[in-house]
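Start at 1 and go down the list; that is how both ligands and their atoms are numbered. No experiment lies behind these values; they were computed from the predicted model shown. Count residues from 1 along the sequence.
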Amino acid sequence: MMEQTLSIIKPDGVKKGLSGKIISIFEENGFEIKALKKVHLTKKQAEGFYCIHKERPFFNSLVAFMTEGPIMPMVLSCENAILKNRDIMGATNPKDAKDGTIRKMFAESIERNVVHGSDSLESAKFEIPYFFNVFEIL
Ligand code: ADP
Ligand code: MG
């Protein structure tokens with residue numbers, strides 16, 4: 001089934017100049033980039049995006065990290081895009097991520113882990129329109 005998922009290159013990835021490499025990995029793995037932009041989130045915008053995590057002990061630190069510099073959200077499309085993107089990203093903690101995954105190759109820590117990816121159809125349906133309107137998704 002053709003699906004769309006939200007990917008974000010987080011502030012650490014953008015700052016380290018990894019955006020081109022990461023986009024290449026998505027294209028080489030058969031994803032079509034349907035939308036892409038660079039934005040610098042406000043505290044409120046980051047809190048809203050991660051509202052499902054608001055009770056977690058790492059929430060404030062996560063919001064500070066996600067607002068420390070620009071991010072690059074994008075909409076990726078392919079068959080089973082949500083699960084496939086999660087596979088290519090690797091585990092949340094880079095120590096647990098498989099070889100060849102984006103987080104294994106580039107992430108510094110469980111928090112500064114370079115990329116975000118929607119974890120379910122439900123989250124993709126919330127996350128994609130958080131960043132893109134219907135005219136921006138080609
Ligand atoms: P994922 O991004 O793999 O879906 P989660 O949704 O569980 O992971 O967490 C969202 C983000 O919060 C993670 O990508 C990471 O940046 C941060 N995070 C998760 N767990 C921790 C933790 N234990 N300590 C610090 N930051 C964390
Ligand atoms: Mg998640």
Side-chain angles (χ1 to χ4, degrees):
M1 191 183 58
M2 282 303 271
E3 255 176 12
Q4 293 185 351
T5 189
L6 186 84
S7 170
I8 302 177
I9 304 174
K10 294 182 177 183
D12 55 339
V14 173
K15 211 171 296 174
K16 288 177 176 166
L18 294 170
S19 55
K21 272 190 192 126
I22 291 168
I23 290 166
S24 286
I25 291 169
F26 292 141
E27 290 184 326
E28 283 159 9
N29 279 279
F31 288 96
E32 188 183 338
I33 294 160
K34 294 278 188 182
L36 168 65
K37 64 172 90 169
K38 183 181 268 190
V39 289
H40 193 153
L41 293 181
T42 64
K43 185 164 182 274
K44 279 216 161 68
Q45 288 167 340
E47 285 170 350
F49 182 75
Y50 278 121
C51 63
I52 52 154
H53 292 313
K54 63 177 183 291
E55 307 301 336
R56 303 285 191 95
F58 58 81
F59 181 70
N60 288 339
S61 175
L62 174 61
V63 168
F65 164 50
M66 289 299 289
T67 56
E68 74 180 32
I71 62 171
M72 291 174 69
M74 68 191 96
V75 178
L76 302 177
S77 171
C78 71
E79 295 273 321
N80 298 311
I82 295 168
L83 260 178
K84 190 171 168 184
N85 181 40
R86 296 292 303 192
D87 278 347
I88 291 166
M89 289 162 61
T92 308
N93 189 340
K95 287 178 186 154
D96 303 328
K98 289 188 185 134
D99 284 345
T101 60
I102 293 170
R103 283 167 165 173
K104 181 70 173 195
M105 290 189 285
F106 304 125
E108 281 168 38
S109 68
I110 192 169
E111 179 172 270
R112 303 179 72 82
N113 59 6
V114 180
V115 279
H116 167 85
S118 306
D119 67 359
S120 64
L121 201 55
E122 189 191 11
S123 56
K125 281 184 176 156
F126 167 75
E127 292 174 358
I128 291 171
Y130 201 83
F131 287 101
F132 298 99
N133 72 46
V134 65
F135 303 108
E136 295 172 317
I137 302 169
L138 306 183

Checklist entry - With respect to atom 15 (C) of ligand 1, which of V115, I110, N93 exhibits the smallest heavy-atom separation? => result I110
Item to check | Option with minimal heavy-atom separation from atom 16 (O) of ligand 1, where the choices are M89, E111, R103 | outcome: E111
Item to check | Worked verdict on K37 versus F132 for side-chain contact (heavy atoms from CB on, under 4.5 Å) | outcome: CA-CA 9 Å; K37 64 172 90 169; F132 298 99; 3.3 Å; yes
Item to check | Option among N29, I25, I23 that satisfies the side-chain contact (heavy atoms from CB on, under 4.5 Å) test with E27 | outcome: I23
Next on the checklist: Using a 4.0 Å cutoff against the non-hydrogen atoms of N113, which atoms of ligand 1 qualify?
Outcome noted: 13 (C), 14 (O), 15 (C), 16 (O)
Next on the checklist: Under a 4.0 angstrom heavy-atom cut-off, which atoms of ligand 1 come close to R86?
Outcome noted: 1 (P), 3 (O), 4 (O)
Checklist entry - Stepwise, does the side-chain contact (heavy atoms from CB on, under 4.5 Å) test hold for V75 with F131? => result CA-CA 9 Å; V75 178; F131 287 101; over 6 Å; no
Considering only protein heavy atoms, which is closest to [atom], and at what distance to one decimal place?
atom	value
atom 17 (C) of ligand 1	L62 CD1, 3.8 Å
atom 6 (O) of ligand 1	H53 NE2, 2.9 Å
atom 20 (N) of ligand 1	F58 CE2, 3.4 Å
atom 3 (O) of ligand 1	T92 OG1, 2.5 Å

Next on the checklist: Would T42 and T67 count as a side-chain contact (heavy atoms from CB on, under 4.5 Å) here? Give the steps.
Outcome noted: CA-CA 6 Å; T42 64; T67 56; over 6 Å; no
Next on the checklist: With a cutoff of 4.0 Å, is K10 in contact with ligand 1, counting heavy atoms of the residue only?
Outcome noted: yes
Checklist entry - For the side chain of E3 and the backbone of A81, is there at least one donor-acceptor N/O pair under 3.5 Å apart? => result yes
Checklist entry - For the residue pair H116 and Y50, does the interplanar ring angle fall in the parallel (under 30°), tilted (30 to 60°) or perpendicular (over 60°) class? => result perpendicular
Checklist entry - Under the ring-ring contact (aromatic ring centres under 6.0 Å, His included) rule, what pairs show up with a residue in residues 5-33, not counting sequence neighbours? => result F26-F31
